2 protein chains.
Amino acid sequence: MTETVQDSRHRLIEAMADLLWERGYAATSPRDVMSAAGVGQGSLYHHFSGKHELAVEAMRANVATAMADNPEPTGDGPALVDIEDRLLRPRPGTRGCRVGRMTQDPKVVEDPEMLGIVSDAFDTMTARWRRLVTAAVQQGELPDDLDAQQLADTLSAVIQGGYVLSRARGSQEPMDSAVHGMVALLQAASTHQARPDGPVAPDIHPQDIHPHEEQS
Amino acid sequence: MTETVQDSRHRLIEAMADLLWERGYAATSPRDVMSAAGVGQGSLYHHFSGKHELAVEAMRANVATAMADNPEPTGDGPALVDIEDRLLRPRPGTRGCRVGRMTQDPKVVEDPEMLGIVSDAFDTMTARWRRLVTAAVQQGELPDDLDAQQLADTLSAVIQGGYVLSRARGSQEPMDSAVHGMVALLQAASTHQARPDGPVAPDIHPQDIHPHEEQS
DNA sequence: GTCTATACATAGATAGAC
DNA sequence: GTCTATCTATGTATAGAC
């Protein structure tokens with residue numbers, strides 16, 4: 001709006017977003033945020049009603065970042081390859097997931113507004129997985145008796161669980177191991193045992209294709 | 001040791017164990033624990049040096065509970081069935097995992113003693129999964145090019161991620177969906193497409209069978 | 001808009017009576 | 001062994017100067 005575009009406000013949101021990721025909501029104090037943002041007491045309570053309102057803004061920012069890191073698939077190319085690429089995308093195991101982390105904070109889960117942000121984010125992410133699974137089934141790359149919603153939840157869970165394992169061991173290794181195990185299992189389940197290259201003819205019944213129903 | 005066997009001490013550990021599960025370490029205050037245990041200030045600091053020492057004891061108790069809920073497999077019967085049974089065991093999705101929950105608490109992860117307890121627990125759990133996978137491969141129920149350690153991490157991750165999804169949505173459903181998706185994928189990957197009943201002859205190379213190397 | 005000063009509750013632990 | 005004060009530091013927010 002103004003010329004300087006409320007620099008302190010942005011700094012506070014960025015700082016809170018990082019601290020939410022690193023320590024969670026309950027363990028982050030207003031003082032921590034102001035210190036990290038390099039602003040005084042007054043700025044926080046001028047721009048926000050308090051810690052809660054600032055955290056809501058910061059949580060939305062973290063969700064936006066997570067979304068951008070795992071965007072809606074383009075849909076050209078074989079879907080199974082898209083699934084594998086998505087699984088193998090680099091992820092900072094020991095730092096944890098910006099969004100999934102929030103689910104362990106009782107203060108977040110008890111708050112409808114904050115929980116809603118997290119819940120919607122997972123709905124969106126799972127929907128992206130589900131469309132990829134549906135496409136892979138339609139392209140004949142996965143057995144057609146697989147339930148797309150279930151497998152989408154499984155794929156989301158592998159990622160989220162990978163973060164938990166990596167934090168428990170203080171190492172990136174379990175995250176990488178878990179996603180590679182999932183890739184191997186998908187390939188084992190694939191009806192096309194070892195497709196060398198080239199696209200696949202969508203030779204199976206084109207039934208359940210719902211390309212856009214993000215969120216709920 | 002004594003006759004009354006330190007009732008307050010046990011009550012404190014039980015109360016702390018529940019609160020660690022429900023709220024985590026950082027968000028649980030000594031007062032909360034004493035109140036839940038129904039004891040006064042003095043008891044806690046008589047039996048323990050402070051919150052940290054009590055939490056360590058309580059964390060060990062939670063690990064023991066989690067272990068007992070998912071015991072070392074017996075090893076008779078088809079391993080793939082054991083894997084599926086273990087996946088489908090009832091789990092309180094919205095409450096989260098007593099052990100995995102700890103990994104999101106920076107205070108826990110930064111503390112070598114507490115992190116060690118959690119880390120060892122995951123090592124043990126993953127080792128149980130790994131032996132089941134190895135057995136299933138040997139019995140010819142899963143393709144022998146699967147990496148047992150990787151798939152074990154995947155299985156652990158599905159459980160831990162299921163908890164995260166269930167807490168995000170405030171519903172048991174995603175946990176159940178995720179594990180069912182994993183079961184379906186395992187069946188799709190199974191080299192025995194639909195074995196009606198009866199045991200399986202272990203007709204494949206009996207090579208890599210390491211029955212006992214719990215922990216590290 | 002941003003700062004410093006202040007206020008009040010809670011976290012975590014200690015002191016000392018019984 | 002267990003209790004009730006008590007203590008210091010921090011969390012969270014307000015007041016008011018600039």
Side-chain angles (χ1 to χ4, degrees), chain A residues 1-59 102 104-111 113-114, chain B residues 1-59 102 104-111 113-114:
Chain A
M1 299 301 182
T2 72
E3 287 201 69
T4 55
V5 101
Q6 293 169 334
D7 194 42
S8 291
R9 189 176 202 281
H10 273 87
R11 299 245 301 272
L12 283 164
I13 293 176
E14 293 295 311
M16 177 57 112
D18 281 349
L19 288 168
L20 281 180
W21 184 12
E22 200 175 304
R23 310 187 200 169
Y25 177 75
T28 298
S29 73
R31 273 197 249 266
D32 293 334
V33 188
M34 295 180 296
S35 167
V39 305
Q41 297 266 116
S43 290
L44 197 161
Y45 293 97
H46 172 73
H47 291 292
F48 305 93
S49 65
K51 171 181 168 179
H52 179 271
E53 192 177 292
L54 170 56
V56 165
E57 292 288 318
M59 221 170 282
M102 299 292 103
Q104 301 306 315
D105 205 317
K107 288 277 171 49
V108 171
V109 174
E110 289 162 9
D111 181 89
E113 189 172 12
M114 292 195 285
Chain B
M1 297 306 180
T2 72
E3 289 202 67
T4 56
V5 101
Q6 295 171 334
D7 193 43
S8 291
R9 188 176 203 281
H10 273 87
R11 300 246 300 274
L12 282 165
I13 293 176
E14 293 296 311
M16 178 56 113
D18 281 348
L19 288 168
L20 281 181
W21 185 12
E22 200 175 305
R23 309 188 200 169
Y25 178 75
T28 298
S29 74
R31 273 195 248 267
D32 294 333
V33 188
M34 295 181 296
S35 168
V39 305
Q41 298 266 118
S43 290
L44 197 161
Y45 293 98
H46 172 72
H47 291 293
F48 305 93
S49 64
K51 172 182 169 179
H52 180 271
E53 191 177 292
L54 171 56
V56 166
E57 291 288 316
M59 221 171 281
M102 299 292 103
Q104 300 307 316
D105 205 317
K107 289 277 171 48
V108 171
V109 174
E110 289 162 9
D111 181 89
E113 189 172 12
M114 293 196 284

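The model shown is predicted, which means the values in this text are computed figures rather than measured ones. Chain A is the first sequence line, chain B the second, and so forth, proteins listed ahead of strands; every chain is numbered from 1.
Applying the salt bridge (Lys or Arg N to Asp or Glu O under 4.0 Å) criterion to A/E57, with sequence neighbours excluded, gives no partner residue. Applying the side-chain contact (heavy atoms from CB on, under 4.5 Å) test to A/E53 and every residue at least two apart in sequence or in another chain returns A/F48, A/S49. Residues satisfying the side-chain contact (heavy atoms from CB on, under 4.5 Å) test with B/A37, not counting sequence neighbours, are B/R11, B/L12, B/A15, B/V39. Applying the salt bridge (Lys or Arg N to Asp or Glu O under 4.0 Å) rule to A/D111 yields no partners; only residues at least two apart in sequence or on another chain are considered.
Atom CZ in A/R9 sits about 11 Å away from atom P in C/dG1, given to the nearest Å. The nearest whole Å value for the distance from the CG atom in B/L19 to the P atom in C/dG12 is 12 Å. The separation between B/M34 atom CE and D/dG1 atom C1' is 15 Å, rounded to whole Å. Per the geometry, CG belonging to A/L44 stands 9 Å off P belonging to D/dA13, to the nearest Å. We find that NE2 of B/H47 is positioned 17 Å from C1' of C/dA13, with the value rounded to whole Å. A/L12 places its CG atom 15 Å from the C1' atom of D/dA13, with the value rounded to the nearest Å. At whole-Å resolution of the value, CZ in B/R11 and C1' in D/dT2 are 12 Å apart. Taking atom NE2 on B/H10 and atom C1' on D/dT2, their separation rounds to 18 Å, with Å as the unit.
In terms of phosphate contacts, B/H52 brings no side-chain nitrogen or oxygen within less than 4.0 Å of OP1 or OP2 of C/dA13. Distances shown here put every side-chain N or O of B/Y45 at or beyond 4.0 Å from the OP1 or OP2 atom of C/dT14.
The backbone N or O of A/G24 sits nowhere less than 3.5 Å from a side-chain atom of A/D105 that would complete a donor-acceptor pair. B/K107 contributes no side-chain N or O that, together with a main-chain N or O of A/A27, makes up a donor-acceptor pair within less than 3.5 Å.
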Distances under 3.5 Å between nitrogen or oxygen atoms of protein and nucleotides 3-6 of chain D:
unit_1	atom_1	unit_2	atom_2	d
D/dC3	OP2	B/G40	N	2.3
D/dC3	OP2	B/S43	OG	3.1
D/dA5	N6	B/Q41	NE2	3.4

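Out of C/dG12, C/dG1, D/dT2, the shortest distance to the side chain of B/H46 is found at D/dT2.
The stretch residues 20-30 of chain A touches DNA chain D through A/T28, A/S29, A/P30, each having a heavy atom within less than 4.0 Å of the strand.
Contacts classified as side chain to side chain donor-acceptor pair (under 3.5 Å) and involving residues 12-21 of chain A (residues at least two apart or in different chains) are not found. Among pairs with a residue in residues 23-50 of chain B, those fulfilling salt bridge (charged side-chain N to carboxylate O under 4.0 Å, His left out) read B/R23-B/D32, at least two apart in sequence or across chains. Residue pairs meeting the salt bridge (charged side-chain N to carboxylate O under 4.0 Å, His left out) criterion with at least one partner in residues 36-45 of chain B, sequence neighbours excluded, are absent.
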